[in-house]
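All values below come from the heavy atoms of this structure, side chains included, with hydrogens, waters and symmetry mates left out. The sequence lines fix the lettering, A, B, ..., with proteins before strands; numbering per chain opens at 1. Values in this document were obtained by computation on a predicted structure and should not be read as measured data.
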2 protein chains.
Amino acid sequence: MTAPTENAVLADLRAALPAEAVVTDPAALGARSQDGSATPPTGAALALVQPATTAEVSAVLRTAHAHGVPVVPQGALSGLAGGANAVPGAVLLSTARMTEIRRIDPVDQVAVVQPGVITRDLVDAVAARGLFYPPDPASYGISTIGGNIATNAGGMRCVKYGVTRDFVRALEVVLADGTVIRTAPGTVKAVAGLDLTGLVVGSEGTLAVVTEATLGLLPAPGPDRGVCATFGSVADALDAANALVASAHRPSTLELLDDVVLAALAAYDPDAGLPVGARAMLLVITDEPGDRGAQDVATYAAVAREHGAVGVDEAHDPERLHALMRARRAFNQAMRAVRGGSINEDVAVPRTRLPDLLERLADISAQVGLPIGTGGHVGDGNLHPVIAFDPADPAQVTAAAEAHSRILGLAVELGGTVTGEHGIGTEKRGALVGELGERVLAIQRGIKQVLDPTGVLNPGKKL
Amino acid sequence: MTAPTENAVLADLRAALPAEAVVTDPAALGARSQDGSATPPTGAALALVQPATTAEVSAVLRTAHAHGVPVVPQGALSGLAGGANAVPGAVLLSTARMTEIRRIDPVDQVAVVQPGVITRDLVDAVAARGLFYPPDPASYGISTIGGNIATNAGGMRCVKYGVTRDFVRALEVVLADGTVIRTAPGTVKAVAGLDLTGLVVGSEGTLAVVTEATLGLLPAPGPDRGVCATFGSVADALDAANALVASAHRPSTLELLDDVVLAALAAYDPDAGLPVGARAMLLVITDEPGDRGAQDVATYAAVAREHGAVGVDEAHDPERLHALMRARRAFNQAMRAVRGGSINEDVAVPRTRLPDLLERLADISAQVGLPIGTGGHVGDGNLHPVIAFDPADPAQVTAAAEAHSRILGLAVELGGTVTGEHGIGTEKRGALVGELGERVLAIQRGIKQVLDPTGVLNPGKKL
């Protein structure tokens with residue numbers, strides 16, 4: 001792009017937005033150019049804009065569309081795949097000023113929010129009305145609803161409640177040319193059109209910019225109560241996890257941590273109170289109220305023992321349980337602390353293939369000579385193998401890249417996916433055609449073309 | 001289409017399929033040309049084909065695509081919107097010979113089936129393995145999984161479990177040109193691509209032909225137990241319904257029948273044991289096992305009484321409950337019996353707008369001078385107002401059409417949809433742009449164009 005065009009774009013943006021909503025300071029742009037992934041941006045952005053309203057988002061897109069300038073929608077930059085990274089000459093469209101919770105309705109059981117609302121703020125606001133928004137990605141304390149929608153974020157409660165898409169009833173979005181549309185009426189059921197809502201969810205900012213979301217809610221659950229069980233083998237832990245998923249009262253959280261992760265967490269946070277020396281741990285939580293929750297905890301403990309648990313801690317103290325959950329959420333950071341660098345994978349396979357996955361991960365770790373700690377949402381078959389390496393050692397960097405590539409191939413080979421909840425972003429684009437196939441990828445690019453014919457929305461990401 | 005082309009199409013179909021799988025007898029075609037709606041087909045079909053395998057479906061589509069002949073995918077013809085009706089010169093593609101249940105896996109909790117499997121057969125087969133497929137459209141005894149997927153079928157259990165889309169993990173589909181693709185890997189979570197699975201679900205055969213579905217299952221629930229509560233006003237029944245949805249233990253079924261429906265059902269099936277003389281009835285069911293189910297029934301009875309129920313029958317006898325459910329399923333037929341003809345609407349609105357909906361329906365009934373009986377899935381805000389009329393009386397036919405049109409407009413006016421679960425088919429195409437808007441409809445047609453560029457798949461339906 002030539003400088004005169006850049007100046008024209010900036011002039012148009014400044015004409016459309018309040019002065020403080022258009023930022024061009026290089027340091028400010030640099031700080032907003034990379035998400036939580038290890039993948040650097042592919043170039044420097046032209047500007048950061050912070051619209052507060054749908055009309056302002058529409059004006060930004062009209063301007064970008066008219067000039068053929070790329071737009072990168074951004075939430076909290078907590079993504080893990082480079083999906084919100086800057087691309088050369090881009091307008092970074094931050095939702096940081098779109099933080100209004102517009103409606104919480106206990107009868108319709110919906111919340112209507114702007115995309116910049118922090119997930120935890122929504123969770124707290126609906127809880128104050130006796131309601132519940134289940135999706136809880138590990139980053140929910142900082143991530144935004146818009147970012148959760150862009151990635152179809154998962155979390156620890158998916159095993160019982162499903163993913164972000166399952167709670168998005170309808171969206172207001174701005175199309176690439178600035179047109180504002182609504183994807184659905186927002187009723188519980190609606191089959192008049194094709195499912196545009198579900199199509200936008202998980203599209204990583206490549207199809208449209210979400211400006212308002214109508215989210216389904218549930219009645220508030222009971223308190224979290226649970227069991228922390230340790231096992232002498234990963235195979236026993238996997239058997240126990242499958243039995244728990246098959247039980248009549250599915251846990252609201254069912255997380256696995258292997259011995260590499262447990263050791264890393266013990267070093268990272270010695271006060272977390274995690275068990276040490278076990279080969280694997282399951283964290284099993286119920287959120288059923290009253291007697292039902294107590295029954296569930298007893299059932300979970302019994303199932304764990306039947307499947308060879310060597311230790312079963314019923315975690316009656318809520319503080320103890322929350323400490324375990326906090327420790328679990330820190331698992332990626334703990335693995336990074338082992339050698340200074342980490343690659344956080346996000347594979348999902350059918351539950352029947354989990355034993356194969358864990359065995360083959362151990363093989364890969366031995367072959368490349370790097371620790372790989374695995375944990376995550378075992379009830380969904382969605383695990384996060386984390387490769388630890390020293391970023392200052394070129395041999396380890398190469399070995400980590402090799403392990404990364406093998407793990408992605410392994411996921412597809414086992415009938416699974418290279419990403420269960422983080423997304424493709426820039427980091428995994430190379431693995432996309434291997435998973436989807438040429439024809440499916442062509443269809444998806446065709447759909448992108450329908451919604452964004454000039455390709456201004458988040459180019460170089462996902463598809 | 002000219003006769004030589006017709007002959008060439010038939011020759012190609014006969015070359016590709018077993019002899020008995022290509023039917024051209026006019027009586028046989030006539031019998032397969034209209035679904036359960038009142039809307040007649042727009043023309044005569046050329047042939048009925050009954051492929052048994054994905055390869056045969058692919059051959060049918062290659063042939064149709066090469067000749068530019070329309071293809072109408074058909075399941076059991078139990079649809080209610082004309083979606084499977086014949087169009088002029090069409091190849092009717094029946095899934096009647098694609099009835100294989102290929103896999104039921106209790107660990108992965110999936111069933112892999114061909115599209116012609118009858119919904120009840122799947123439900124029974126998975127129940128025999130201790131598993132549960134929740135979607136239960138009223139037609140589930142005759143409808144097919146392929147038809148359920150085409151319409152994103154609902155049913156009585158949606159209030160707790162969601163709709164068909166929520167249970168479709170992945171699809172094998174044949175594209176318009178005969179290419180076979182898979183939409184997703186079939187894991188619980190998968191975010192690599194755009195959501196093609198969800199896009200095909202509910203597309204009424206306009207995007208692709210489903211040849212295999214990977215369906216998510218749950219552990220078997222407990223027995224159905226429930227409450228039949230009667231109310232002196234519809235407003236009381238709606239208040240009770242909202243309170244039940246807001247309770248900690250959501251019913252697995254929550255159905256409303258108004259006084260017009262109750263009177264029609266009493267006349268249609270005097271042995272059903274439905275309450276008479278009430279202004280409205282709620283059928284509230286739990287499928288929680290053990291003590292939890294008993295607690296739920298007591299809670300539901302208490303909530304009904306708190307909201308002014310004049311009669312509360314705890315239906316401890318399972319036979320009694322099943323008789324009530326059978327009667328509920330016969331509600332459309334009972335309304336048809338009132339005057340010989342009926343139009344079965346399928347509106348959904350936010351639950352907060354249900355009182356307005358019911359009031360306005362009474363106004364429309366009075367204005368057009370025809371009985372309108374309303375019942376259905378009140379917990380989802382998805383009700384079926386049924387207009388009863390004498391098809392031999394032109395004035396009543398006109399009045400019914402007027403009521404139909406007003407009801408569709410009313411649904412959109414109240415922030416809802418003209419179809420919650422039946423689909424658009426041919427019957428409601430006129431209402432589509434009013435609900436979606438021009439731009440959204442154009443996007444949906446653009447997506448159709450990507451998947452079916454020559455428009456051979458179910459033309460004149462839905463979009």
**Request:** Let me know if Leu199(B) has heavy atoms under 4.5 Å from chain A in its side chain, its backbone, both or neither.
**Result:** both

**Request:** Kindly indicate whether the side chain of Asp166(A), heavy atoms from C-beta on, has any atom under 4.5 Å from the side chain of Asp166(B).
**Result:** yes

**Message:** Please classify the contact between His422(B) and chain A as side chain, backbone, both or neither, with a heavy-atom cut-off of under 4.5 Å.
**Reply:** backbone

**Prompt:** Hey, are Arg439(B) and Asp177(A) close enough for a salt bridge, meaning a charged N less than 4.0 Å from a carboxylate O?
**Reply:** yes

**Asked** Where on Thr197(B) is there a heavy atom nearer than 4.5 Å to chain A: the side chain, the backbone, both, or neither?
**Response** neither

**Asked** Any idea which heavy atoms bring Pro185(B) and Thr417(A) closest together, and the distance?
**Response** CG-CB, 3.9 Å

**Message:** Just so I understand: if I count every heavy-atom pair under 4.5 Å between each of Ile443(A), Thr206(A), Asn152(A) and chain B, which residue has the most?
**Reply:** Ile443(A)

**Fill in**
When rounded to the nearest 0.5 Å, the distance separating CG of Leu194(B) from CZ of Arg445(A) is 11.0 Å

**Request:** Taking Lys462(A) for its side chain and Ala192(B) for its backbone only, find out whether a donor-acceptor pair lies under 3.5 Å.
**Result:** yes

**Prompt:** Out of Ala190(B), Gly446(B), Gly379(B), Gly198(B), which one racks up the most heavy-atom pairs below 4.5 Å with chain A?
**Reply:** Ala190(B)

**Per-residue contact mode, Asn382(B) against chain A (heavy atom under 4.5 angstrom)** = side chain

**Fill in**
The interface call for Gln444(A) against chain B, heavy-atom contacts under 4.5 Å, is both

**Contacting moiety of Glu421(B), where chain A heavy atoms sit under 4.5 Å** = both

**Prompt:** Which atoms of Leu441(B) come close to chain A, meaning under 4.5 Å heavy atom to heavy atom: side chain ones, backbone ones, both, or neither?
**Reply:** neither

**Request:** Specify which of Gly415(A), Ser203(A), Gly202(A), Pro106(A) makes the most heavy-atom pairs with chain B at under 4.5 Å.
**Result:** Gly415(A)

**Message:** Between Asp380(B) and chain A, with a heavy-atom cut-off of 4.5 Å, which part of the residue counts as in contact: side chain, backbone, both or neither?
**Reply:** both

**Asked** Checking heavy atoms, do the side chain of Leu131(B), its backbone, both or neither come under 4.5 Å from chain A?
**Response** neither

**Message:** At a heavy-atom distance under 4.5 Å, which candidate from Gln295(A), His249(A), His377(A) has the highest pair count against chain B?
**Reply:** His249(A)

**Asked** Considering only heavy atoms, which portion of Gln449(B) lies under 4.5 Å from any heavy atom of chain A: side chain, backbone, both, or neither?
**Response** neither

**Prompt:** Is there side-chain contact between Arg165(B) and Arg165(A), with at least one heavy-atom pair below 4.5 Å?
**Reply:** no

**Asked** For Val163(B), is it the side chain, the backbone, both or neither that has a heavy atom under 4.5 Å from a heavy atom of chain A?
**Response** side chain

**Message:** Using only atom types and a distance under 3.5 Å, with no angle test, would you say the side chain of Asp108(B) pairs donor to acceptor with the backbone of Arg351(A)?
**Reply:** yes

**Segment of Leu175(B) engaging chain A (4.5 angstrom heavy-atom cut-off)** = side chain

**Item:** Part of Pro350(B) lying under 4.5 Å from any heavy atom of chain A
**Value:** both

**Message:** Out of Val188(A), Asp105(A), Thr179(A), return the one with the most heavy atom pairs under 4.5 angstrom to chain B.
**Reply:** Val188(A)

**Prompt:** For the candidates Gly290(B), Ala348(B), Gly130(B), which exhibits the highest count of non-hydrogen atom pairs separated by less than 4.5 Å from chain A?
**Reply:** Ala348(B)

**Item:** Region of Arg182(B) in contact with chain A, defined by heavy-atom distances below 4.5 Å
**Value:** backbone

**Prompt:** Can any side-chain N or O of Gln109(A) pair as donor or acceptor with the backbone N or O of Val245(B) at less than 3.5 Å?
**Reply:** yes

**Prompt:** Using 4.0 Å as the upper bound for N to carboxylate O, is an ion pair formed by Lys189(A) and Asp346(B)?
**Reply:** no

**Prompt:** Using a cut-off of under 4.5 Å for heavy-atom pairs, which of Val201(B), Ile181(B), Thr352(B) has the most such pairs with chain A?
**Reply:** Thr352(B)

**Asked** Between Ser247(A) and Pro219(B), which heavy-atom pair has the shortest distance, and what is it?
**Response** O-CG, 3.4 Å

**Request:** For chain B, find which of Asp195(A), Val450(A), Ile447(A) contributes the most heavy-atom pairs closer than 4.5 angstrom.
**Result:** Asp195(A)

**Message:** So which residue, Thr183(B), Leu196(B), Leu451(B), ends up with the most heavy-atom pairs under 4.5 Å with chain A?
**Reply:** Leu196(B)

**Message:** Using heavy-atom distances under 4.5 Å, tell me whether Leu354(A) contacts chain B through its side chain, its backbone, both, or neither.
**Reply:** neither

**Heavy-atom pair count under 4.5 Å with chain B, highest-scoring of Ala246(A), Gly186(A), Gly381(A)** = Ala246(A)

**Item:** Lys/Arg-Asp/Glu bridge criterion (N-O < 4.0 Å) met for Asp296(A), Arg292(B)
**Value:** yes

